Amino acid sequence: MHARNDTARSCGRPSLCSPAALLGLARASLERESGSALAILAVAPDGFSRLRDSIGYERAARLLDCIAERLLQCAPQLAIARVGEHEFVLLVPLRERVHDLDALWHELRALLALPYGVETGEVCLQFCAGVARIGLEELAAGDGLDAAGAALHHAQKTGPGQYSVFRAGILREARARVELEHELRLALARRELQVHFQPVMHTRSAKLRGAEALVRWKHASLGWVPPARFVPVAEECGLIHELGEFVLGQVLAWRARWRTRTDTLARAEISFNVSARQLDDDRFVEALERARAQGLLEGPPLWMELTETALVADGPAARARLLRIRGMGLRLALDDLGMGYSSLLQLRDLPFDALKIDRMLTAGVGTEPLETRLFGAICALARSIPLCVVAEGIETHAQLEVLRREGVACAQGYLWSPALPAADFQHWNEQRARSSA
Ligand code: C2E
Ligand code: MG
Ligand code: MG
């Protein structure tokens, strides 16, 4: 394929209109022809920020002009506007159904996928798109652009080159997410998040090995918000760095306190969870280095848990940071084994000390023959590497029996305790020690 002759150098400034003018045109058109329908197609190149970092702002700006030029060539649009840094919105007449736009999108996508000439060579881009039908009602509600934008962002979350048709739920979800992001920002600033600790037990001796730190958020009106809901939001908007440093700060503070005690808490091995996004740059490693300089990493082993899906994102750089972290004496656990992908390669390539088996894989252990055999096979795999195994979600004695039989060293679950506020965890441990004395 050859670059079209619209190199980023030769493109003139294409004539786009403003988003307000596009909406004005839409209103005029809908009022003129009652019963007519329009759609807004929002289009954006994938990974543009990264490309801009590599080719520079000026070339990136000219590249966007070329994209606009190609969009303007496409036949049926009534107007095109640029929104935000690198999103375009096209106003298109809708003949019958939104699905008519599938064909238009395929045509557009092929045109946009042709190489672009930049001074340093050629670049190929992939695009995501979102489409929404608009009528006078949506325009009156101010939803015209938001709906298409929400469909675009939904497509982008699905993956590169995706296309998504707006449904009412998308905008609702997008707004709820923005709201949650705002609330989370406030909660972090007001230090409303907490860290709870779930005991991790030695299966043979039934003694405490340590605890997993799990972040908790009690919102004034929403109540307890599960981490599965707000951690992905924090990852998406970058708040995960603050959240992670908060959790690390709490873990280190409690650990330092517990080290001065005379009971099993003094030797407790504490683990905390880290998202892939926290390994995107050096911030987290630097926070750990500061902690080391203050002597806060000394004492019983400190564990860092990573989900396998977290690791696939950024292979070599993540690996280098993990090695630095391990060099500081931390131990690494692969969390949620079996819930992501390429886990076996990660076991080969990354320096893990332990494997945590997700509760989805321990739920039927001891009662469901197939699940029990599958669990046994995973344990055999871990033994062959060899890695310490921690089984999660243990709720019954039947499960515990199988763990002991399979030589699984550690476990956590409601059989012992859910995650508790630090003071309650301390109390729980004291009571256990008293009752087993
Ligand atoms: P995870 O690290 O695999 O944590 C284990 C989850 O299983 C926790 O859910 C825990 O409360 C739950 N659990 C433990 N034992 C049992 C049991 O016996 N039965 C049942 N039904 N559930 C049990 P939680 O606290 O909702 O956390 C969900 C996930 O959120 C965590 O999965 C972890 O991936 C993430 N997460 C939690 N805290 C943090 C954090 O500080 N940072 C990051 N990046 N992620 C976190
Ligand atoms: Mg975990
Ligand atoms: Mg887990």
Side-chain angles (χ1 to χ4, degrees), residues 4-46 48-49 52 57-95 98 100-114 116 125 127-156 163-166 170-171 174:
R4 294 160 53 87
N5 57 6
D6 55 357
T7 65
R9 199 186 298 182
S10 68
C11 262
R13 289 235 105 205
S15 41
L16 303 179
C17 66
S18 69
L22 181 139
L23 291 173
L25 200 71
R27 187 171 296 109
S29 164
L30 288 166
E31 283 171 352
R32 200 171 47 241
E33 289 175 53
S34 72
S36 65
L38 293 171
I40 290 184
L41 185 76
V43 181
D46 293 322
F48 197 79
S49 309
R52 186 198 51 213
Y57 273 84
E58 272 184 44
R59 284 190 199 116
R62 287 197 291 273
L63 187 55
L64 285 170
D65 288 343
C66 289
I67 294 170
E69 191 67 43
R70 288 194 195 174
L71 289 171
L72 282 162
Q73 285 169 22
C74 115
Q77 92 278 349
L78 302 173
I80 301 186
R82 185 148 147 206
V83 287
E85 205 198 331
H86 51 254
E87 282 180 24
F88 295 91
V89 284
L90 285 71
L91 180 65
V92 227
L94 197 61
R95 274 181 294 277
V98 163
D100 298 341
L101 290 170
D102 288 2
L104 169 66
W105 170 235
H106 281 113
E107 195 185 312
L108 253 183
R109 190 164 59 175
L111 184 68
L112 292 171
L114 295 173
Y116 298 81
L125 293 170
F127 288 76
C128 274
V131 65
R133 181 195 179 98
I134 52 158
L136 285 169
E137 207 178 304
E138 285 80 10
L139 285 177
D143 284 350
L145 295 179
D146 292 357
L152 169 64
H153 298 148
H154 186 260
Q156 287 170 325
Y163 169 71
S164 150
V165 177
F166 175 76
I170 291 183
L171 195 53

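Everything numeric here is computed off the predicted structure, so don't read it as measured data.
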Beyond-backbone contact of Asp65 with Glu69, side-chain heavy atoms, under 4.5 angstrom = no
ask   = Any side-chain heavy atom of Leu108 within less than 4.5 Å of one from Phe127?
value = no
inquiry  = I'd like to know if the side chain of His153 reaches the main chain of Gly149, judged simply by a donor and an acceptor atom lying under 3.5 Å from each other, with no hydrogens or angles considered.
reply    = yes
key: Heavy-atom donor-acceptor pair, Arg82 side chain to Leu64 backbone, under 3.5 Å   = no
Nearest 0.5 Å, please: how far is [atom2] in [Y] from [atom1] in [X]?
X      : Y      : atom1 : atom2 : answer
Glu138 : Phe166 : CD    : CZ    : 8.0 Å
Leu112 : Leu125 : CG    : CG    : 8.5 Å
Gln73  : Leu111 : CD    : CG    : 5.5 Å
Leu90  : Leu38  : CG    : CG    : 12.5 Å
Leu94  : Ile134 : CG    : CD1   : 9.5 Å
Ile80  : Leu41  : CD1   : CG    : 9.5 Å

How close do [X] and [Y] get, heavy atom to heavy atom, and via which atoms?
X      : Y      : result
Ala79  : Cys17  : CB-SG, 3.9 Å
Ala39  : Val131 : CB-CG2, 4.1 Å
Leu25  : Leu78  : CD2-O, 3.7 Å
Ala132 : Ala148 : CB-N, 3.7 Å
Gly144 : Ile40  : O-CD1, 3.7 Å
Ser164 : Ala155 : CB-CB, 3.7 Å

query = How are the rings of Trp105 and Tyr163 set to each other: parallel, tilted or perpendicular (split at 30° and 60°)?
reply =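 If you compare the ring of Trp105 with that of Tyr163, the planes turn out parallel.
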Residues which pass ring-ring contact (aromatic ring centres under 6.0 Å, His included) with His86, listed by chain and number, not counting sequence neighbours = Phe48
Set of residues satisfying side-chain hydrogen bond (donor to acceptor under 3.5 Å, both in side chains) with respect to Glu33, sequence neighbours excluded =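 For Glu33 there are no side-chain hydrogen bond (donor to acceptor under 3.5 Å, both in side chains) partners, ignoring immediate neighbours.
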message = I'd like to check the salt bridge (charged side-chain N to carboxylate O under 4.0 Å, His left out) partners of Glu85; sequence neighbours left out, ordered by chain and number.
response =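 Testing Glu85 for salt bridge (charged side-chain N to carboxylate O under 4.0 Å, His left out), a comparison that skips the adjacent residues, returns Arg52.
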ask   = Does atom CD of Glu31 have more than 12 heavy-atom neighbours, drawn from other residues, nucleotides or ligands, at distances under 6.0 Å?
value = yes
